[in-house]
Asker: 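Quick one: the structure is below, and I'll ask about it shortly.
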Amino acid sequence: MRDQYHQQLDEVLAELERMTGAVSTAVRRSTSALLTADLGTAEEVIAADGQLDTAGEVVEEKIFDLMALQAPVAVELRMLVAALRMVADLERMGDLAAHIAKIARLRYPAGAIPVELHGLIENMGRVAGRMVDQAGEVIKTRDVSVAQRIESTDDEMDTLRSNQFRQMMDATWPYGVEVAVDLALLGRYYERIADHAVSMAQRIIFLVTGEMPASQ
């Protein structure tokens with residue numbers, strides 16, 4: 001019975017890893033849709049968000065069943081609590097990727113972002129995608145050192161966000177209010193994806209060590 005129980009615990013982590021892969025794809029595809037004004041890809045990302053939510057509900061049900069039927073303690077309980085919180089992080093990251101795609105859809109057939117600002121969005125999307133990938137690696141390996149690297153990568157996102165504000169507040173900003181609003185929202189979406197990746201990393205540190213790292 002205990003062998004079966006631990007197999008079920010491993011299956012929960014495997015499901016989380018698969019969800020992380022889906023989020024990584026959504027972040028990259030939503031960024032591509034935004035920069036290329038690709039309505040079809042934007043719609044696919046938005047539709048896939050519902051599938052991610054459904055996957056999250058299935059994982060939550062498995063976790064609640066294990067909690068109710070197996071009375072987990074110590075490391076097992078920590079794992080289930082951490083997994084439950086990571087489901088919420090992943091669902092929210094999927095929502096944020098969908099929000100990015102919705103801006104692409106809203107501005108179609110025009111591009112939402114001027115070509116001169118593509119580099120900023122590409123970098124934000126690249127960093128956010130890398131952090132999601134790192135979160136998946138952390139789930140797979142439960143490696144605290146990898147989890148700690150995610151927080152370092154988050155510094156890159158913070159720098160990009162600061163650069164974004166600097167550009168938007170410059171007196172020579174030439175792109176108008178609509179682009180400024182879109183850019184501010186997009187920056188917030190990418191920043192929050194990064195924040196959720198950091199949260200997931202902290203859950204793994206909690207799982208392995210039994211202690212939550214101090215918030216930065």
Side-chain angles (χ1 to χ4, degrees), residues 5-32 45 48-49 52 55-56 58-60 62-63 66 72-97 100 121-163 187-216:
Y5 175 40
H6 285 285
Q7 182 180 348
Q8 290 172 316
L9 291 174
D10 289 340
E11 287 172 359
V12 166
L13 289 180
E15 290 289 347
L16 288 175
E17 189 180 347
R18 282 191 284 272
M19 286 181 67
T20 305
V23 169
S24 175
T25 298
V27 170
R28 288 177 166 82
R29 298 196 76 205
S30 62
T31 302
S32 175
V45 172
D49 184 45
L52 186 69
V58 170
V59 176
E60 286 179 345
K62 289 181 180 179
I63 292 170
L66 288 171
V73 295
V75 174
E76 295 165 352
L77 182 58
R78 289 207 304 268
M79 198 207 84
L80 291 173
V81 171
L84 198 58
R85 298 297 296 271
M86 285 191 285
V87 169
D89 285 321
L90 287 163
E91 289 178 342
R92 188 57 188 145
M93 283 194 276
D95 292 340
L96 291 161
I100 294 167
I121 294 299
E122 286 172 350
N123 285 332
M124 283 187 161
R126 174 182 53 78
V127 172
R130 186 165 85 244
M131 290 180 72
V132 176
D133 289 341
Q134 287 174 326
E137 183 181 353
V138 168
I139 292 170
K140 182 177 182 179
T141 65
R142 304 182 209 181
D143 188 330
V144 170
S145 65
V146 176
Q148 291 168 336
R149 285 205 300 272
I150 293 182
E151 297 196 36
S152 298
T153 307
D154 190 44
D155 292 340
E156 294 182 46
M157 183 63 76
D158 291 341
T159 298
L160 289 169
R161 189 83 161 118
S162 296
N163 291 342
R188 181 59 176 161
Y189 297 154
Y190 285 117
E191 181 182 47
R192 289 300 296 149
I193 290 169
D195 289 342
H196 284 289
V198 170
S199 175
M200 291 178 66
Q202 291 175 335
R203 305 292 171 202
I204 293 296
I205 293 172
F206 169 65
L207 169 61
V208 173
T209 68
E211 297 180 1
M212 280 295 291
S215 299
Q216 299 297 314

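Nothing fancy with the numbering, it's 1 onward along the sequence. The shown structure was predicted, so the numbers you read here are calculated from the model rather than taken from an experiment.
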Asker: By salt bridge (charged side-chain N to carboxylate O under 4.0 Å, His left out), which residues pair with Asp143, not counting sequence neighbours?
Answerer: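 With neighbours one apart ignored, the set is empty.
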
Asker: Side-chain atoms of residues 127-140: list all donor-acceptor pairs with protein atoms under 3.5 Å, sequence neighbours left out, distances to 0.1 Å.
Answerer:
from, atom 1, to, atom 2, distance (Å)
Arg130, NH2, Glu156, OE1, 3.1
Arg130, NH2, Glu156, OE2, 2.6
Asp133, OD1, Ser24, OG, 2.6
Asp133, OD2, Arg28, NH1, 3.3
Asp133, OD2, Arg28, NH2, 2.8
Gln134, OE1, Thr153, OG1, 3.3
Gln134, NE2, Thr153, OG1, 3.4

Asker: Partners of Asp195 by side-chain hydrogen bond (donor to acceptor under 3.5 Å, both in side chains), sequence neighbours excluded?
Answerer: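 Residues passing side-chain hydrogen bond (donor to acceptor under 3.5 Å, both in side chains) with Asp195: Arg192.
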
Asker: Using a 3.5 Å cut-off and no angle test, enumerate the donor-acceptor pairs between side-chain atoms of residues 80-89 and protein atoms at least two apart in sequence or in another chain.
Answerer:
from, atom 1, to, atom 2, distance (Å)
Asp89, OD1, His196, ND1, 2.9
Asp89, OD2, Ser199, OG, 3.1

Asker: Which atom names give the shortest non-hydrogen contact between Ala201 and Ala147, and what distance separates them?
Answerer: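 Closest approach of Ala201 to Ala147, heavy atoms only: CB-O, 3.5 Å.
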
Asker: Where is the tightest heavy-atom contact between Leu52 and Glu91, given as atom of each residue plus distance?
Answerer: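 For Leu52 versus Glu91, the nearest heavy atoms are CD2-CA, 4.4 Å.
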
Asker: In chain order, what residues pass the salt bridge (charged side-chain N to carboxylate O under 4.0 Å, His left out) check against Arg126, with sequence neighbours excluded?
Answerer: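 By the salt bridge (charged side-chain N to carboxylate O under 4.0 Å, His left out) rule, Arg126 matches no residue at all.
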
Asker: Apply side chain to side chain contact (heavy atoms under 4.5 Å, CB included) to residues Ile100 and Ile193 and explain how you reach the verdict.
Answerer: CA-CA 11 Å; Ile100 294 167; Ile193 290 169; 4.2 Å; yes

Asker: Extract all donor-acceptor atom pairs below 3.5 Å that involve side chains of residues 12-22 and protein atoms in other chains or at least two apart in sequence.
Answerer:
from, atom 1, to, atom 2, distance (Å)
Glu15, OE2, Arg18, NH2, 2.9
Thr20, OG1, Leu16, O, 2.8

Asker: Please determine whether a side-chain nitrogen of the Lys or Arg among Arg92 and Asp95 lies less than 4.0 Å from a carboxylate oxygen of the Asp or Glu.
Answerer: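 Result for this pair is yes, salt bridge flagged.
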
Asker: For Val45 and Ser30, which heavy atoms make the closest approach, and how far apart are they?
Answerer: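 Answer, listing the atom of Val45 first, then Ser30: CG2-N, 3.8 Å.
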
Asker: Please find the pair of heavy atoms, one from Gly94 and one from Asp49, that lie closest to each other, and give the distance.
Answerer: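 Nearest pair, atom of Gly94 first, then Asp49: C-OD1, 3.2 Å.
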
